[in-house]
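This report concerns only the one structure given below.
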Amino acid sequence: PSPVQQKQTQKFYFCLANADFMLNDENNEHLPEVLRERLRLYREIAREQDFWVVPNPAFLDATPEVAKNVKQPCVAVVSTDKVWTDFIKLRVYRVYKGAITGDESGVLASRTVINADHYKPPDPSKWTAPYAKYAPGWWEAFYPGNENA
C-alpha cells in the first residue's frame, strides 16, 4: 500500500520555510541534489521512502503559531527520520524545524500544491552559476504519492 494510505499514527519531523526560498532560491540549489541522492540510496538498498516535500501542509491549520511565522506559500520537507531532518536543517539553515504526530494521510496532506510553472524561469543574463538551474517542478517527484514515479 502507498504510504499515504496507511493509518498508523507516528511522529513526523519537518523543516518548513517559504516555498520560494526552499524550492527556488539559488542558495538552496543543493536541496534537490540532497533529496535525489537520498532517494537513489534508498532504491539501492531497497529501503522504503520516508521523506517527502509537502507544499502548503494542511497540518499547519492545527499550528497557527507556526503558520503565522512562515511566509505563504510554504513548503515542508517531512520525514519520519529525526536525524535526517536535523541534517536538512543544517543544510537549509533558515527553516523552522518541528515535529507532529499523526497518520501519514493527515500529516502529508497539502492545502494546495505548487506546480512546476509557479516560478518564472531565471533570466539567463542574470544567472551566474556555472551550471543550469534545476528544472522547474523538480520538487513534484517528492510529493507524497509519487514515491514510485
Side-chain angles (χ1 to χ4, degrees), residues 1-43 45 47-122 126-127 129 133-149:
S2 167
V4 178
Q5 295 170 343
Q6 297 174 1
K7 292 293 182 188
Q8 179 181 355
T9 298
Q10 59 185 327
K11 193 162 196 174
F12 292 85
Y13 304 90
F14 62 88
C15 291
L16 177 75
N18 169 265
D20 187 36
F21 170 74
M22 188 87 94
L23 304 175
N24 196 46
D25 192 289
E26 303 84 52
N27 293 315
N28 292 328
E29 278 287 308
H30 58 281
L31 182 61
E33 192 63 27
V34 167
L35 296 175
R36 285 188 185 114
E37 280 299 309
R38 183 136 177 117
L39 188 56
R40 182 198 55 76
L41 170 69
Y42 276 24
R43 288 181 176 156
I45 64 174
R47 180 173 171 182
E48 189 175 319
Q49 184 176 332
D50 63 357
F51 64 95
W52 304 269
V53 171
V54 181
N56 299 303
F59 67 75
L60 286 180
D61 293 342
T63 55
E65 67 284 353
V66 174
K68 74 178 180 182
N69 291 314
V70 178
K71 186 178 173 192
Q72 303 297 316
C74 65
V75 67
V77 174
V78 179
S79 179
T80 56
D81 185 338
K82 181 184 183 315
V83 173
W84 191 69
T85 53
D86 290 344
F87 169 77
I88 293 295
K89 169 68 173 153
L90 292 172
R91 294 298 307 255
V92 188
Y93 57 94
R94 295 183 334 204
V95 298
Y96 176 87
K97 188 169 145 285
I100 188 164
T101 301
D103 65 70
E104 287 183 351
S105 62
V107 173
L108 301 180
S110 297
R111 291 186 306 242
T112 56
V113 298
I114 299 170
N115 296 316
D117 63 356
H118 187 80
Y119 300 106
K120 294 187 320 189
K126 294 180 181 176
W127 184 255
K133 186 170 178 69
Y134 281 110
W138 65 262
W139 54 87
E140 292 177 344
F142 300 98
Y143 280 176
N146 290 349
E147 289 83 0
N148 298 313

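Bear in mind the structure is a predicted one, so any value in this text is a computation, not a measurement.
With rounding to the nearest 0.5 angstrom, the OG1 atom of Thr85 is 12.5 Å from the CG atom of Leu16. Atom-to-atom distance recorded for Asp20:CG and His118:NE2 is 7.5 Å, nearest 0.5 angstrom. With values rounded to the nearest 0.5 angstrom, Tyr93 atom OH is found 14.5 Å from Ile88 atom CD1. Here the CD-CD distance, from Glu37 to Glu33, works out to 5.0 Å after rounding to the nearest 0.5 Å. Between atom SG of residue Cys15 and atom CZ of residue Phe51 there is a gap of 13.0 Å, rounded to the nearest 0.5 Å. Rounded to the nearest 0.5 angstrom, Phe87 CZ and Lys82 NZ are separated by 14.5 Å.
A salt bridge is absent between Asp117 and Lys120: the closest approach of a Lys/Arg side-chain nitrogen to an acidic carboxylate oxygen does not fall below 4.0 angstrom.
Of the N and O atoms on the side chains of Tyr13 and Asp86, not one donor lies less than 3.5 Å from an acceptor on the other residue. A donor-acceptor contact closer than 3.5 angstrom links the side chains of Thr112 and Asn56. The closest side-chain donor-acceptor pair between Asp81 and Ser79, if any, does not fall under 3.5 angstrom.
Shown here for Cys74 and Pro57, the closest heavy-atom pair between the two residues is SG-CD, 3.9 Å. Nearest heavy-atom pair across Arg91 and His30 is O-NE2, 3.0 Å. Across every non-hydrogen atom of Gly106 and Asp103, the tightest pair is N-OD1, 2.9 Å. Nearest heavy atom pair, residue Trp138 against residue Met22, reads CZ2-O, 4.3 Å.
In this structure a side-chain-to-backbone donor-acceptor pair under 3.5 Å is missing from Asn28 to Asn24. Although no hydrogens or angles enter the test, the distance criterion places a donor-acceptor pair under 3.5 Å between the side chain of Ser110 and the main chain of Pro55.
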Please test Phe21 against Lys71 for side chain to side chain contact (heavy atoms under 4.5 Å, CB included), starting from the C-alpha separation and ending with a verdict.
-> CA-CA 10 Å; Phe21 170 74; Lys71 186 178 173 192; over 6 Å; no

Would you check, one step at a time, whether the test side chain to side chain contact (heavy atoms under 4.5 Å, CB included) holds for Gln72 with Arg111?
-> CA-CA 12 Å; Gln72 303 297 316; Arg111 291 186 306 242; 3.4 Å; yes

Given Leu23 and Ile114, is the side chain to side chain contact (heavy atoms under 4.5 Å, CB included) satisfied, shown in steps?
-> CA-CA 10 Å; Leu23 304 175; Ile114 299 170; 4.3 Å; yes

Give the C-alpha distance, both sets of side-chain angles, the deciding distance and a yes or no for side chain to side chain contact (heavy atoms under 4.5 Å, CB included) between Val75 and Phe142.
-> CA-CA 12 Å; Val75 67; Phe142 300 98; over 6 Å; no

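Trp139 and Tyr119 have perpendicular rings, their planes meeting at more than 60° on a 0 to 90° scale where under 30° would count as parallel.
For Phe14 and Phe59, the gap between ring centers is short of 6.0 Å. Taking the six-membered ring wherever Trp is involved, the centroid distance between the rings of Tyr143 and Trp52 does not fall below 6.0 Å.
By the 4.5 Å heavy-atom criterion applied to side chains, Leu31 and Leu35 are counted as neighbours. Glu104 places a side-chain heavy atom less than 4.5 Å from the side chain of Gln10.
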